[in-house]
**Q** 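If you scroll down you'll find the structure; I have some questions about it.
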Amino acid sequence: MSALTEKEYFMLEAIKEAKKAIEVSEIPVGVVIVKDGEIIARAHNMREITQNATHHAEILAINEACEKLNSWRLNDCDMYVTLEPCVMCAGALILARIRKLYYGAKDERFGGVESIFRILDSDKFNHKVEYEGGIFEEECRNLMISFFQNLRNKKKD
C-alpha cells in the first residue's frame, strides 16, 4: 500500500470528525483546518445538539481556527471537509480568507461550490478560494448514504 498524500491524510482526519457526528446523531460532516501542515481546528455538525441552524461543521471549525490564531483572517489555512459546502459555508470560506478548500463528496441538494451554485468561482469578491473536490469521495458519500438509511430504518421501527 502506498503512503498517503497530505490531502488524503487530512481528509481522513475530517472523516474521523464526520464519524463523531454520527455518534451524536448529527449529519456526518467533518472538517479540519490546516496551517503549516498542522491541524489547528476540527469540528463536526452540531445543528441538532445546539438547535442552531448555523452550526455546520465548517462554521464551527472556522470559529475555532480564528480563536486559535486570534485573527479572522485565515489566509494561510486550508480546509478539508467531507461534503461540499453549502452556500452559507462557501461564503464563510471567502469571508475567512481560507486559502484552499478540499472536499470529499458533492452535495447535489445544497452544494455551493460546484453542484448547485459556484460561489467560489465568482469574480465579485476580493478573495479567491481555490478548491478541489473528490478526495475519498466514495467513502464520504457512503457515510451520508448509510446515515440516512439508518435514520429511515429507525423511523420504520
**Q** Which donor-acceptor pairs under 3.5 Å do side chains of residues 87-102 form with protein atoms, sequence neighbours excluded?
**A**
unit_1 : atom_1 : unit_2 : atom_2 : d
Arg97  : NH1    : Leu95  : O      : 3.2
Arg99  : NE     : Asp78  : OD1    : 3.0
Arg99  : NH2    : Asp76  : O      : 3.2
Arg99  : NH2    : Asp78  : OD2    : 3.2

**Q** Considering non-hydrogen atoms only, spot the tightest contact between Phe125 and Ile119 and give its length.
**A** CE1-O, 3.7 Å
**Q** Hey, are Tyr80 and Arg42 close enough side-chain-wise for a donor-acceptor pair under 3.5 Å?
**A** no
**Q** What closest approach, in Å, do Glu84 and Lys106 show between heavy atoms, and which atom pair accounts for it?
**A** OE1-CA, 3.5 Å
**Q** With a 4.0 Å cut-off, would you call Lys7 and Glu132 a salt bridge?
**A** yes
**Q** Just by distance, do the side chain of Glu17 and the backbone of Val29 share a donor-acceptor pair under 3.5 Å?
**A** no
**Q** Are the side chains of Phe136 and Leu12 in touch, meaning some heavy atoms are under 4.5 Å apart?
**A** yes
**Q** Should Cys66 and Leu74 count as side-chain neighbours, where that means a heavy-atom distance under 4.5 Å?
**A** yes
**Q** Please find the pair of heavy atoms, one from Gly104 and one from Cys140, that lie closest to each other, and give the distance.
**A** CA-SG, 3.9 Å
**Q** State, to 0.1 Å, how close Ala61 and Ala43 come at their nearest heavy-atom pair, and which atoms those are.
**A** N-CB, 3.7 Å
**Q** Looking at Glu13 and Lys16, does any basic side-chain N land under 4.0 Å from a carboxylate oxygen?
**A** yes
**Q** Is there side-chain contact between Phe147 and Arg152, with at least one heavy-atom pair below 4.5 Å?
**A** no
**Q** Could you tell me whether the side chain of Met46 reaches within less than 4.5 Å of the side chain of Asn52, counting heavy atoms only?
**A** no
**Q** Quick one, Pro28 and Thr82 - any side-chain contact, counting heavy atoms below 4.5 Å?
**A** no
**Q** Apply the test side chain to side chain contact (heavy atoms under 4.5 Å, CB included) to residues Val34 and Ile40: give CA-CA distance (whole Å), side-chain angles for both, the deciding distance (0.1 Å), then the verdict.
**A** CA-CA 6 Å; Val34 176; Ile40 62 164; over 6 Å; no
**Q** How far does CG of Leu143 sit from CZ of Phe148, to the nearest 0.5 angstrom?
**A** 11.5 Å
**Q** Are any of the side-chain heavy atoms of Ile49 and Val24 separated by less than 4.5 Å?
**A** yes
**Q** If you take all heavy atoms of Asp107 and Ile116, which pair is closest and at what distance?
**A** O-CG1, 4.4 Å
**Q** Show, in sequence, the C-alpha distance, side-chain angles and deciding distance for His127 and Val129, and conclude whether the side chain to side chain contact (heavy atoms under 4.5 Å, CB included) test is met.
**A** CA-CA 7 Å; His127 178 74; Val129 178; 3.6 Å; yes
**Q** With heavy-atom distances below 4.5 Å as the criterion, would you say the side chains of Val31 and Met79 are in contact?
**A** yes
**Q** Between Glu38 and Lys35, is there a donor-acceptor pair closer than 3.5 Å when you use the side chain of the first and the backbone of the second?
**A** no
**Q** Could you grab the distance from atom OG1 of Thr50 to atom CG of Leu60, nearest 0.5 Å is fine?
**A** 7.5 Å
**Q** So do His56 and Asn45 actually touch side chain to side chain, heavy atoms under 4.5 Å?
**A** yes
**Q** Give the minimum heavy-atom separation between Ala21 and Ile27, together with the two atoms involved.
**A** CB-O, 3.6 Å
**Q** Is it true that Glu137 and Arg141 make a salt bridge, defined as a side-chain N closer than 4.0 Å to a carboxylate O?
**A** yes
**Q** Looking at CG of Leu69 and CD of Glu64, how far apart are the two atoms once the value is rounded to the nearest 0.5 Å?
**A** 10.5 Å
**Q** Verify, without hydrogens or angle tests, whether Lys68 (side chain) and Ala41 (backbone) share a donor-acceptor contact under 3.5 angstrom.
**A** no
**Q** Hey, does the side chain of Glu8 reach the backbone of Ile135 with a donor-acceptor pair shorter than 3.5 angstrom?
**A** no
**Q** To the nearest 0.5 Å, tell me how far His44 NE2 sits from Glu58 CD.
**A** 13.0 Å
